[in-house]
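Provided herewith is a single structure, encoded as structure tokens, for subsequent inquiry.
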Amino acid sequence: MNSSEVVKLLALRLGISQVAAKDLMRKKLEELRLVLSQDQTVQLPRLGTFRIRQTKPRQAYIPGKDCRCLIPTRRHTNFKTSPAFKALLRKRGQ
Amino acid sequence: MASNNIYQFNHAALPKADVLDATMLALIEIIRDGLLRDQHVRLHQFGTFRLRWTKARRGRNPQTGELMRIPPCPKVTFTPAKMLGQMVDPNPLPVMPIIETPLAETPSVAPSVVKVVEVPPSPQEISVKPDDPVEGNTESQHQYGNKKWVVGMLAMVPIVIAILQADFSEQGNPAENGPLVTVKQELTVTPEPVLRTDAGAGDSEVLERVPEQESTGVAPASETLVSPQTVNTEPVLAQEQETLGSPRAVGVEPMLAQEQETLVSPQAVAAEPVLTQQQETLASSPQALSTEPVQTQEAPTFHMEPQVHRTESGESLWKLAKTYYQDPYLWPLIFRANRRSLDNPHHLNVGRDLIIPGLQNAAASLSDKDRQLVSEGYMQVYELFRDRNPENALYFLLGAKKYHAQWLRENQQVVLAEHQKHLEKL
């Protein structure tokens, strides 16, 4: 399911045009990105939680250059599914 | 906006549904429905939600410790888009390669000077691999890495200066020189060069053999050397003249170390009158070495021990034969010794250890055994290329014929019919 299909479904649910639905979706996702960039946690009900995690620096190996390297601290976006949704998925899969 | 309320909660409880924006709720429902249908949900410039199922596996109940079967479990993964990653981490630090320095300290003095003054290595080091660190030279090798030829050149300078400044007015007493061969007063001179193409063995008893222009290094003056060790210096010095500047003349170093001892030790002082003659011949071309009148004496005892050489980039059997034997045409000897590991004599892998077989005599006066081995090597190469490229294979057949025609006459079963005519002249 790509963005265009999500826009179609959104327009159907909200009863608006696809153009308006696309614009709305773009604005909402932009807000989410802004919040995440400010190092805040975003909790979406019945879906999951977005958190920002910081990885520790670690050593790795570069095969092309045949040498070891140091990967510094990096920030990543992490998503954790809500337990209720996970249970629903498990139930559907069985 | 009502949707802003959810962002005010950090690590808080689930916000109420009516607070949320209708758009946001609809979006959440669409994502849930897509994941429940086992579909990926991709949101442009935000990320992708994917549903994965972990495999069933065996595990232990942490409370009771008993084994149990863990069924397949759904897992929702979120892959952030590039834009989201750039907003979350706008200035990521670059990956830094770790440069390992093997030495904590670097020598303050130029290592070439230190080597010449402090460390006279023993003659046994001639059998050491060229890449092995010579005792006392570890620091320089670590610092200079693979630039051994630079160190070798610098180490030669004080030796040459010592030779030039030495007083060669008196010859040393042979009896005082220890294990030195006495110099014969009556010498025979042969103005004509001896052709290598003559069938038969190299006669070690012939004192007037003059090396051809092809073989470089063995100068006539070398036969006047009194020490078995110093005999080897002559081909080394001539070799160094040719290979100066060559970064792959790895055979220079161990020979050079041996030469240091022979020239610095008191025994070498007695050989100084001979060394002046060598110095003069060094200044001239290799061809001039062979054309000078020869003061021959007893045949120099030449024993090259088998060695192991680790190949480097750009090396070939031709170059290795030139380095170790001073005659590149003896490369089939090396191929024959490493036949099991070499499929093609023209292709050498870097980092491979090759056996460099020894010679009983110098390249200019090969013994019968050495000639036979070289001829065998050429025949092995001939067999390798006989079917693929008969035209080129003929050259190897002629090479085998040149070195030991008698042996080839006895072992010509593998020769092609079209090449038999070349053997009729044996």
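First the proteins, then the strands, lettered A, B, ... as listed; each starts at 1. A quick note: this is a predicted structure, and the numbers were derived from the prediction, not measured.
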Less than 4.5 Å to any heavy atom of chain B: does that hold for the side chain of Q59(A), its backbone, both, or neither?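 The side chain, not the backbone.
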Using non-hydrogen atoms and a 4.5 Å limit, figure out which bit of L51(B) sits close to chain A: side chain, backbone, both or neither.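 For L51(B), the side chain is the part near chain A, not the backbone.
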Using only atom types and a distance under 3.5 Å, with no angle test, would you say the side chain of R32(B) pairs donor to acceptor with the backbone of R46(A)?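 Looks like yes, one N/O pair under 3.5 Å.
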With a 3.5 Å distance limit and no angle check, can you tell me whether T77(A) reaches the backbone of P80(B) through a side-chain donor-acceptor pair?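 It does not hold such a pair.
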Below 4.5 Å, heavy atoms only, C-beta onward: do L32(A) and L84(B) meet side chain to side chain?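 SC-SC contact between L32(A) and L84(B) ruled out.
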Using every non-hydrogen atom in the two residues, find where V95(B) and R74(A) come nearest and quote the distance to one decimal.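 Residues V95(B) and R74(A), closest heavy atoms: CG2-NH2, 3.9 Å.
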Contact leader toward chain B among S37(A), C69(A), A60(A), S82(A), where contacts are heavy-atom pairs under 4.5 Å: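 Of S37(A), C69(A), A60(A), S82(A), C69(A) has the most heavy-atom pairs under 4.5 Å with chain B.
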Given a strict heavy-atom distance threshold of 4.5 Å, which part of I52(A) is in contact with chain B: side chain, backbone, both, or neither?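 Side chain only.
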At a 4.5 Å cut-off on heavy atoms, which part of Q45(B) comes close to chain A: side chain, backbone, both, or neither?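 Interface part for Q45(B): both.
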R13(A) versus chain B, the contacting section by heavy-atom distance below 4.5 Å: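 Side chain only.
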Using a cut-off of under 4.5 Å for heavy-atom pairs, which of L35(B), V88(B), T48(B) has the most such pairs with chain A?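 Max contact count across the listed options: V88(B).
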What part of D38(B) gets closer than 4.5 Å to chain A, counting heavy atoms only: side chain, backbone, both or neither?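 It is neither, since no heavy atom gets under 4.5 Å.
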Quick one: does T23(B)'s side chain have a donor or acceptor within less than 3.5 Å of a partner on M25(A)'s backbone?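 No, the answer is negative, given that no donor and acceptor are paired below the 3.5 Å cut-off.
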Check whether L29(A) gets within reach of chain B through its side chain, its backbone, both or neither, counting any heavy atom under 4.5 Å.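 Answer is both: backbone and side chain atoms of L29(A) are under 4.5 Å from chain B.
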Part of P94(B) lying under 4.5 Å from any heavy atom of chain A: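 Only the backbone of P94(B) comes within 4.5 Å of chain A.
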Below 4.5 Å, heavy-atom pairs only: which of M83(B), R37(B), E29(B), K75(B) has the largest tally toward chain A?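 Heavy-atom pair counts peak at E29(B).
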